[in-house]
Engineer: 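Please see the structure below; I have some questions.
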Amino acid sequence: MSGSNSYRLRCSLAAHEMDVRGLAAAAFPHGAFVSVSRDRTARVWVPNPSETQVFTEMHCMNGHSNFVSCVCIIAPNETYPRGLIATGGHDNNICVFSLDRPDPLFTLKGHKNTVCTLSSGKFGTILSGSWDTTAKVWLGEKCMMTLQGHTAAVWAVVILPEQGLMLSGSADKTIKLWKAGRCENTYTGHEDCVRGLAVINEVEFLSCSNDASIRRWMVTGECVQVYYSHTNYIYSLAVFPNGQDFISTGEDRTLRIWRKGECSQTIRLPAQSVWCCCILPDGDIAVGASDGVIRVFTESQERVASAQDLQAFEDELSKAIIDPKTGDLGDIKIEDLPGREHLNEPGNRDGQTRLIKEGSNVEAYQWSVSDERWVKIGDVVGGSSQQNSKRVMYEGKEYDFVFSIDVNEGGPGLKLPYNASDDPWLTAHNFLEKNDLSPMFLDQVANFIIENTKGHTLGPAPTSAADPFTGAGRYIPGSGSDRQGFGNDPFTGAGRYIPESGSTGTVSSGRADPFTGGSAYSSSSHPKSKTNIFFPNTDGVMFEQANTTQILGKLRELNNTAPADRKLSDAALDCLEKLLLLVTDVTGQEQPTAEQISVLWRTSHWPEDIVFPVLDILRLAVRHPEVNAQLCGGTEGASLCNHLLGLMSSEGRHANQMLALRILCNCFSGSHGRALLLGHRDTVLSRAGDLRVVSNKNIHVALATLVLNYAGRLYGQLTEIEAKAQCLSVASTALEVVQDKEAIFRLLVALGTTVAGDSTAKDLARSLGVNSQISKYARVSDPAKLGECCRLVLDELQ
């Protein structure tokens with residue numbers, strides 16, 4: 001902040017025909033800012049060089065078919081040295097503009113409801129939040145990933161300075177921290193909808209809420225301070241460059257300036273809803289409100305408005321009509337109020353409110369520290385206790401109206417309580433949500449309220465009803481080796497059989513295999529240069545080694561102790577034995593029978609504590625073309641996928657989780673399996689990624705292999721950017737916890753394969769902070785392949 005002076009009006013811009021819903025300081029020209037409005041336009045405002053106080057409209061942009069709700073600035077780059085402007089609207093779209101044309105360069109489509117918040121990050125990344133309960137990450141003209149987890153509208157998003165970290169705030173009262181597309185933390189504490197977020201530094205941020213509080217959080221999850229001063233919903237926040245002081249605006253008609261943790265100045269505005277604010281490069285503050293006016297406030301004496309404009313602003317404020325229910329004025333009894341002599345006593349703090357009786361009227365005054373006087377901020381109406389006598393009791397509360405809404409013909413009416421001071425659009429929204437009714441009725445219900453409360457509204461009727469969510473109240477719907485596994489059985493404590501304990505998977509034949517060290521690695525379809533034998537890996541890695549004697553021995557042992565109703569017959573055991581020997585005999589010509597495959601499928605549903613040897617047989621069997629086709633094709637494929645996902649649940653046994661992952665990896669050996677897994681990619685990778693938190697290196701190796709196999713199938717497919725984004729996300733979040741070097745190596749190969757030959761995927765990896773995340777592995781010399789592969793990935797991302 002430029003000093004300790006109070007902020008005073010610099011100028012008022014009758015900028016828009018309707019509510020100003022978003023503001024952002026522009027990258028170009030210097031000192032400019034962008035505003036967006038419910039009038040469906042975005043406008044660029046630049047300082048007028050001939051008049052210090054004034055801003056001039058430089059550019060007007062159109063592209064939305066409905067109200068515009070939010071705006072952010074995309075930083076300049078080589079292609080767009082002046083930066084870009086992104087706007088979100090009620091038409092569910094995001095429009096991206098340059099400064100040299102009025103129509104969008106391109107439009108981002110994907111959200112299913114209003115886009116109400118935007119934030120931009122490095123490399124051109126955009127984060128959006130919507131009423132559809134999701135946030136989306138965009139790069140260029142494509143959606144990279146969708147962040148799902150909130151249960152209500154996402155009203156605030158922000159990208160943190162540390163690459164890959166993002167925040168979202170929601171009407172479900174929570175804030176979520178996302179890293180590389182996955183939810184890492186959920187912050188609770190607000191008692192109502194979270195409306196705004198602002199970054200303080202790399203480890204701290206602010207949030208504001210409909211509960212009229214501002215909270216200061218550590219990224220680690222602790223709420224370190226709560227700020228109170230506002231008396232109604234708080235809509236927006238902005239932090240000064242010093243990283244300590246900030247500003248806020250809300251439904252109580254105020255802009256508040258916070259210094260050293262205290263509200264040091266309160267500026268009242270002649271508009272009920274102060275929707276948005278931003279801090280300009282010179283330290284001045286711009287705010288947008290429901291009256292369509294942008295007001296700029298300054299500490300600089302050189303930029304303060306003329307005495308005439310200051311008086312006009314004060315006169316406008318004094319004529320405002322104040323509803324006591326929306327502020328901190330309390331229940332007012334005119335007979336108990338003091339007269340004008342009460343204003344002879346100075347106030348105790350800036351923004352202090354004092355009510356006086358002037359004849360039969362009640363006037364509100366606010367103390368101005370800078371002017372050392374009481375400034376009239378409006379006339380109070382509706383405060384008489386006599387008004388309460390006509391109020392209606394409903395569910396323990398008093399209301400001005402309780403309507404009965406007939407939804408189903410012949411059915412009971414639904415009660416809709418309403419106060420004259422309430423926002424009809426918020427009331428309508430809450431009514432629909434409470435009664436599980438379609439949002440398509442929002443207009444109808446809100447207009448019903450407005451029509452049936454005419455003459456009862458406190459204060460002058462607004463030009464248009466204010467939507468508490470976007471300010472766009474007139475919502476328009478429609479719009480591995482051969483080693484054998486011996487030792488104590490970690491699953492039963494008995495024999496010597498350990499599923500695949502000595503093998504981490506193998507790949508097809510060729511030169512030195514970086515996965516197993518054997519002579520079994522090549523890529524026939526995409527030959528690799530001599531300097532990079534690691535990626536892109538398009539052949540996939542399979543878990544192929546087995547000790548059939550040990551598997552069958554454990555199967556028979558567990559069958560002897562199985563419940564009577566689950567015990568296998570000798571014929572069934574013979575089927576499984578023949579199938580296992582058949583699928584592990586690479587020289588044999590015999591084909592698996594339908595009966596063998598059927599027995600394998602049924603037995604894979606054995607109790608979870610004894611099923612693991614059957615899963616090991618399934619792991620080996622799905623490599624066979626006939627088994628792959630039978631179990632992975634058609635409806636059977638969906639059943640197999642769901643069964644394996646069930647085994648991978650967080651409550652599942654580690655052995656089953658590992659084997660389920662290995663089965664999925666081996667499914668990639670056949671065309672039916674590949675099609676199945678690509679079709680269920682979102683669910684499979686999401687569930688698999690959750691297993692990163694299990695402290696088991698075999699699970700981690702299998703998880704890394706699965707990501708690698710997906711990356712291999714996606715290589716060369718430039719249109720599959722959202723799928724690649726998920727691979728990057730799962731690999732990146734797994735690298736946060738995985739310690740096993742083989743698993744780390746495979747994750748690096750997966751990363752390299754994902755970004756190879758795809759500039760968009762590279763940009764996304766950079767924006768997620770992959771470079772800094774993996775750089776520590778570049779110095780690893782044991783095994784040498786890990787450090788070498790890491791350095792090659794880093795080269796790709798330069």
Side-chain angles (χ1 to χ4, degrees), residues 77-79 121-126 137-145 163-166 179-182 507 514-515 523 525-529 531-541 668 678 681-682 685 688-689 692 703-736 738 743-778 780 785-798:
N77 55 34
E78 291 183 2
T79 308
K122 297 180 180 178
F123 312 107
T125 310
I126 298 174
V137 182
W138 309 81
L139 190 60
E141 298 183 41
K142 297 183 181 296
C143 177
M144 299 290 109
M145 54 184 71
Q163 292 178 26
L165 289 182
M166 301 172 179
K179 183 171 179 62
R182 299 178 69 88
V507 295
F515 298 95
S523 175
S525 56
H526 296 279
K528 302 170 183 60
S529 69
T531 56
N532 185 353
I533 65 170
F534 304 112
F535 62 84
N537 180 319
T538 58
D539 294 326
V541 181
F668 277 95
L678 288 171
R681 181 258 314 157
D682 189 23
L685 275 180
R692 73 193 185 281
L703 166 60
T705 307
L706 182 62
V707 181
L708 171 55
N709 287 353
Y710 267 109
R713 299 314 305 172
L714 296 169
Y715 175 72
Q717 300 185 40
L718 301 182
T719 59
E720 292 288 349
I721 190 61
E722 192 163 359
K724 291 185 177 184
Q726 190 180 23
C727 287
L728 289 173
S729 171
V730 175
S732 176
T733 51
L735 283 168
E736 293 285 325
V738 169
I744 293 170
F745 167 70
R746 295 187 184 200
L747 288 168
L748 290 173
V749 175
L751 288 172
T753 302
T754 302
V755 302
D758 191 331
S759 59
T760 304
K762 290 177 185 178
D763 283 343
L764 180 61
R766 295 185 193 108
S767 72
L768 294 176
V770 169
N771 310 55
S772 57
Q773 184 183 32
I774 68 173
S775 59
K776 60 186 176 183
Y777 301 121
V780 175
K785 67 178 183 180
L786 202 161
E788 185 180 347
C789 182
C790 178
R791 291 190 291 273
L792 289 167
V793 176
L794 289 171
D795 288 345
E796 282 283 335
L797 296 175
Q798 291 305 311

Engineer: Which atoms form the tightest heavy-atom contact between Leu747 and Ala734, and what is the distance?
Structural biologist: CD1-CB, 3.9 Å
Engineer: Quick check: closest heavy atoms across Ala778 and Cys790, and the distance to 0.1 Å?
Structural biologist: N-SG, 3.4 Å
Engineer: Can you confirm whether Met145 sits close enough to Leu768 that some side-chain heavy atom of one is under 4.5 Å from a side-chain heavy atom of the other?
Structural biologist: yes
Engineer: Looking only at heavy atoms, which two atoms of Ala743 and Ala704 are closest? And how far apart?
Structural biologist: O-CB, 3.4 Å
Engineer: Looking only at heavy atoms, which two atoms of Cys789 and Val749 are closest? And how far apart?
Structural biologist: SG-CG2, 3.8 Å
Engineer: Nearest 0.5 angstrom please: Leu748 CG to Arg791 CZ, how far?
Structural biologist: 11.5 Å
Engineer: Can you confirm whether Ser767 sits close enough to Asp763 that some side-chain heavy atom of one is under 4.5 Å from a side-chain heavy atom of the other?
Structural biologist: no
Engineer: When rounded to the nearest 0.5 angstrom, what distance separates CZ in Arg692 from OG in Ser732?
Structural biologist: 10.0 Å
Engineer: How about Val707 and Thr754: do any of their side-chain heavy atoms sit closer than 4.5 Å?
Structural biologist: no
Engineer: Do the side chain of Thr125 and the main chain of Lys122 share a donor and acceptor less than 3.5 angstrom apart?
Structural biologist: yes
Engineer: Would you mind reporting whether Leu714 and Cys727 have side-chain heavy atoms less than 4.5 Å apart?
Structural biologist: yes
Engineer: Would you indicate whether the side-chain heavy atoms of Leu735 and Tyr777 approach each other to under 4.5 Å?
Structural biologist: yes
Engineer: Looking at Asn532 and Phe535, would you say the former's side chain and the latter's main chain have a donor-acceptor pair under 3.5 Å?
Structural biologist: yes
Engineer: So, using side chain to side chain contact (heavy atoms under 4.5 Å, CB included) as the criterion, who are the partners of Arg713 when residues are at least two apart?
Structural biologist: Phe668, Arg674, Leu678
Engineer: With Glu141, which residues qualify under salt bridge (charged side-chain N to carboxylate O under 4.0 Å, His left out), at least two apart?
Structural biologist: none
Engineer: As an exercise, state the distance from NZ of Lys724 to OG1 of Thr719, rounded to the nearest 0.5 Å.
Structural biologist: 8.5 Å
Engineer: Between Ile721 and Cys143, which heavy-atom pair has the shortest distance, and what is it?
Structural biologist: CG2-O, 4.1 Å
Engineer: Whether Glu796 and Lys762 form a salt bridge (side-chain N of Lys/Arg under 4.0 Å from carboxylate O of Asp/Glu) is what I want to check.
Structural biologist: yes
Engineer: Could you state the interatomic distance from CD (Glu788) to CZ (Phe534), rounded to the nearest 0.5 Å?
Structural biologist: 4.0 Å
Engineer: If you define the side chain from C-beta out and look only at heavy atoms, does anything of Leu718 sit under 4.5 Å from Thr760?
Structural biologist: no
Engineer: With side chains defined as the heavy atoms from C-beta onward, is the minimum distance between Leu751 and Leu797 less than 4.5 Å?
Structural biologist: no
Engineer: How long is the straight-line distance from CZ of Arg766 back to CG of Asn771, given to the nearest 0.5 Å?
Structural biologist: 7.0 Å
Engineer: How about Arg182 and Val730: do any of their side-chain heavy atoms sit closer than 4.5 Å?
Structural biologist: yes
Engineer: Under 3.5 Å, is there a donor-acceptor pair between the side chain of Gln798 and the main chain of Leu794?
Structural biologist: yes
Engineer: Between Leu728 and Val755, does the side-chain contact (heavy atoms from CB on, under 4.5 Å) criterion hold? Intermediate values first, please.
Structural biologist: CA-CA 9 Å; Leu728 289 173; Val755 302; 4.1 Å; yes
Engineer: Checking Thr753 side chain against Asn537 main chain: does a donor-acceptor pair fall under 3.5 Å?
Structural biologist: yes
Engineer: Shortest non-hydrogen contact from Ala725 to Leu764?
Structural biologist: CB-CD2, 3.4 Å
